[in-house]
Structures are given as structure tokens and as C-alpha cells.
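From a predicted model like this one, the values you see are computed outputs, not experimental measurements.
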Amino acid sequence: EAQEPEAKETEAKETEAKETEAKETEPTEAEEAEEPKAKELETKDAEAKEPEGETSTRPEPVDLAESEAGTKAKGKRSKPAPRGIRGRTYRVRGELPLHWRFLMGVLCVGLIGLAWWAATRGPAEQRMVSPAVLGSPAEVFGSFHKLWFDRALTRNAMLSLARVLKGFGLALLIGLPLGVLGGVFPRIRAFLAPITIAGRNIPVAALVPLTLVWFGLGETQKVMFIFIACVAFILFDTTETILSVNQKYVDTAYTLGANRWQIIFKVLVPLALPKIFNSARLLLGLGFGYINLTEIVGQGGGAAVSFTSG
């Protein structure tokens, strides 16, 4: 009988504790009010998402408030790209069909020819440009027969081509290996730096009298002129191309157990070859411009002689 009040008191405390826990676990009125809103937002997001594997052709809305201006309200959409001929022509970095590219090229050549004809039409005394500076289209094309046969254009052009190929080939033979070594080994790169800096910055016209003094007036002077004019550029471009290869390829090769020479000839050189080839292609074109300098002042014929002889 003495323990009954204590037992009742214990039961009352347990009941009170359970009621307190139930009240804490029950959602409040604010939470109950927010639950429908959250479900509604989730439903809208799910409807906005597209099914997997399908692409939308409609322009996506652009949030202008997050742009640099930040002055327009959210929710506005950007204007769709213009369609048709105007859209393809003036779209930023757009692609033109093949026939449009051909027509635009023809239009450019036609405008140049029209300006040429307008500047050289009429008698010599009434022309905008003197005939000694620029002949008319009829005069230029009319002299082609004399240029081809009397001045031996084909033979002199082949002679100039042979000189350029010899000098440029020698520059490739020396510049490519040194450039690869300079791109791989820092000490070699630092050792060759004075040559590349001086060779790339010296005026090409200044090499003509130097090569005339060093090699005379024969074929050797013309070949060595092309070699000296091109080798520094080939050396520098090859070094920079090897250095531009991402280091992750080298690290991957080391991880797979490759040695130093395998990394050079199986990783660095193959990855750099496309850029090296493109640089060599551009320099070969410059070589044909360089050869005219030495053929004008030298002897032995060449394409420049065909165009400048009377």
C-alpha cells in the first residue's frame, strides 16, 4: 500500500514524457503550410525538365539579372536567332553554305577588278594611276604571252623553286632536331636562345649583302640566304610547339613505364607534329618571297628576273 502512490506518480511522469515527445514530433502549422508549396515547386521543376535522350529546339530563357548589366528583371527571355538568309549571314560565328561562300569570294574578286579597271581606264595622261605604276587589266593580260615565252617564266620559276626547296630543306634538317632538343631539355633551350632571338629579329634584307660577301654570286649564296632566313624561325617554332604539349601526356607515359627517349619520340614529337607542319608550311611560303630579294641583286636567273627584265 505504501508503494502504490509512488507507482502512480511514476506512471504519471512517463505519460507526461510521452505526450511531450508526441508534441515535438508533430509538425507545426507553419511547416504544414510550407509543405504544399514545396510539393508544388517540385512538380513545376519536374515538368520543366525534358525527358532523357530528347533535345529541345526552343530557345532557353536567359536570366538577364545575372548578366554584366544586371539592370533588367528576371524571367525575360532572349530573342531567338534570326532565321533565313539574313540570319545565316550576320549570325555571330555562323556557318555559310558552300554556294554562298563561293558567291562572296567571286564578289570580292569582282570588286577588286572593278576598282582596278576604274583606276586605269582611259588614255595614259587621263588615268588616276600612271601606267608606270599599274597597268590596265587589258595591258597586263595582253603581256602574258611575252612573259611566258620570251622571258622564260616556266624555266625561271622552276629555278627559283629549286633554290627555295634546297635552302628550306637544309633549314628543316638542322632546325627540327635542335628545336626538339630545345623543347625537351632546358639547358639546350637556353644555349640556343641567342641564335633564335637574333635570327628572328634581324631584317631579312640585311642578309643579302652578308651572303654576297660570304658566298659570292653563285647558287650557294641564294641557297644559304634562304637557309639563314628560315632556320631561326623553324628552331623557335619547333621548341615552342614541343613545350605546348600538355604535361599530363608525359606523366601518363612515365606511369606506364616509358623511358626518356620513348617519351620524346612516341609522345612529344607525334603530338607536336601537326603544329610543326603548319609552321613549316607558312615558312615555305615566306621563302618564295625571300628568294626574290637575292635574285634581283644577284645573277643566274629566277622568277624575279622574268618579272623585272625589260
Side-chain angles (χ1 to χ4, degrees), residues 79 81-165 167-168 200-209 222 225-226 229-230 233 237 275 277-310:
K79 295 182 179 180
R83 298 180 180 179
I85 296 175
R86 182 181 176 185
R88 290 194 300 267
T89 305
Y90 299 104
R91 186 170 54 190
V92 177
R93 301 187 66 179
E95 288 290 335
L96 281 178
L98 180 60
H99 65 279
W100 269 104
R101 284 182 283 174
F102 176 77
L103 290 176
M104 296 303 291
V106 171
L107 178 62
C108 176
V109 175
L111 290 176
I112 294 174
L114 181 63
W116 181 15
W117 172 82
T120 58
R121 67 187 182 92
E125 297 80 8
Q126 300 177 0
R127 292 185 183 181
M128 297 173 58
V129 181
S130 172
V133 178
L134 179 65
S136 65
E139 294 170 349
V140 171
F141 290 107
S143 63
F144 182 76
H145 183 274
K146 181 179 179 181
L147 176 66
W148 186 269
F149 293 101
D150 298 344
R151 301 184 186 178
L153 176 62
T154 306
R155 184 184 63 202
N156 287 323
M158 295 303 295
L159 186 60
S160 297
L161 177 62
R163 292 166 178 167
V164 172
L165 292 179
F168 190 76
R200 289 185 301 114
N201 291 282
I202 188 173
V204 178
L207 297 176
V208 176
K222 298 174 178 59
F225 172 80
I226 297 297
C230 296
F233 292 96
D237 291 347
K275 291 185 178 180
F277 177 80
N278 185 57
S279 174
R281 179 178 60 86
L282 296 176
L283 288 174
L284 180 61
L286 291 176
F288 284 98
Y290 293 159
I291 194 63
N292 292 327
L293 293 174
T294 185
E295 286 180 347
I296 291 175
V297 300
Q299 298 177 356
V305 177
S306 296
F307 286 106
T308 57
S309 60

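- Not a single donor-acceptor pair under 3.5 Å links the side chain of Arg127 to the backbone N or O of Ala119.
- Here Val109 pairs with nothing under the side chain to side chain contact (heavy atoms under 4.5 Å, CB included) rule; sequence neighbours left out.
- Two residues are said to be in side-chain contact when any heavy atoms from C-beta on lie closer than 4.5 Å; Asp237 and Leu283 meet this criterion.
- Within the model, atoms CG of Leu165 and CE of Met158 stand 8.5 Å from one another, a figure rounded to the nearest 0.5 Å.
- Here the shortest heavy-atom pairing between Pro137 and Thr120 reads CD-OG1, 3.5 Å.
- Interatomic distance, Leu284 CG to Arg281 CZ, rounded to the nearest 0.5 Å: 10.0 Å.
- Going from atom CZ of Arg155 over to atom OG of Ser160 covers 11.5 Å, rounded to the nearest 0.5 Å.
- Using a 4.5 Å heavy-atom threshold, the side chains of Leu207 and Tyr290 count as separate.
- Across all their heavy atoms, Ile226 and Val164 have their closest contact at CG2-O, 4.0 Å.
- In the displayed structure, Arg121 atom CZ is contacted under 6.0 Å by at most 12 heavy atoms of other residues, nucleotides or ligands.
- Judged by distance alone, with hydrogens and angles left aside, the side-chain atoms of Glu139 form a donor-acceptor pair with the main-chain N or O of Ser136 at under 3.5 Å.
- Here the CG-CZ distance, from Leu107 to Phe102, works out to 11.5 Å after rounding to the nearest 0.5 Å.
- Among all heavy-atom pairs drawn from Arg163 and Ile291, the shortest one is CB-CD1, 4.0 Å.
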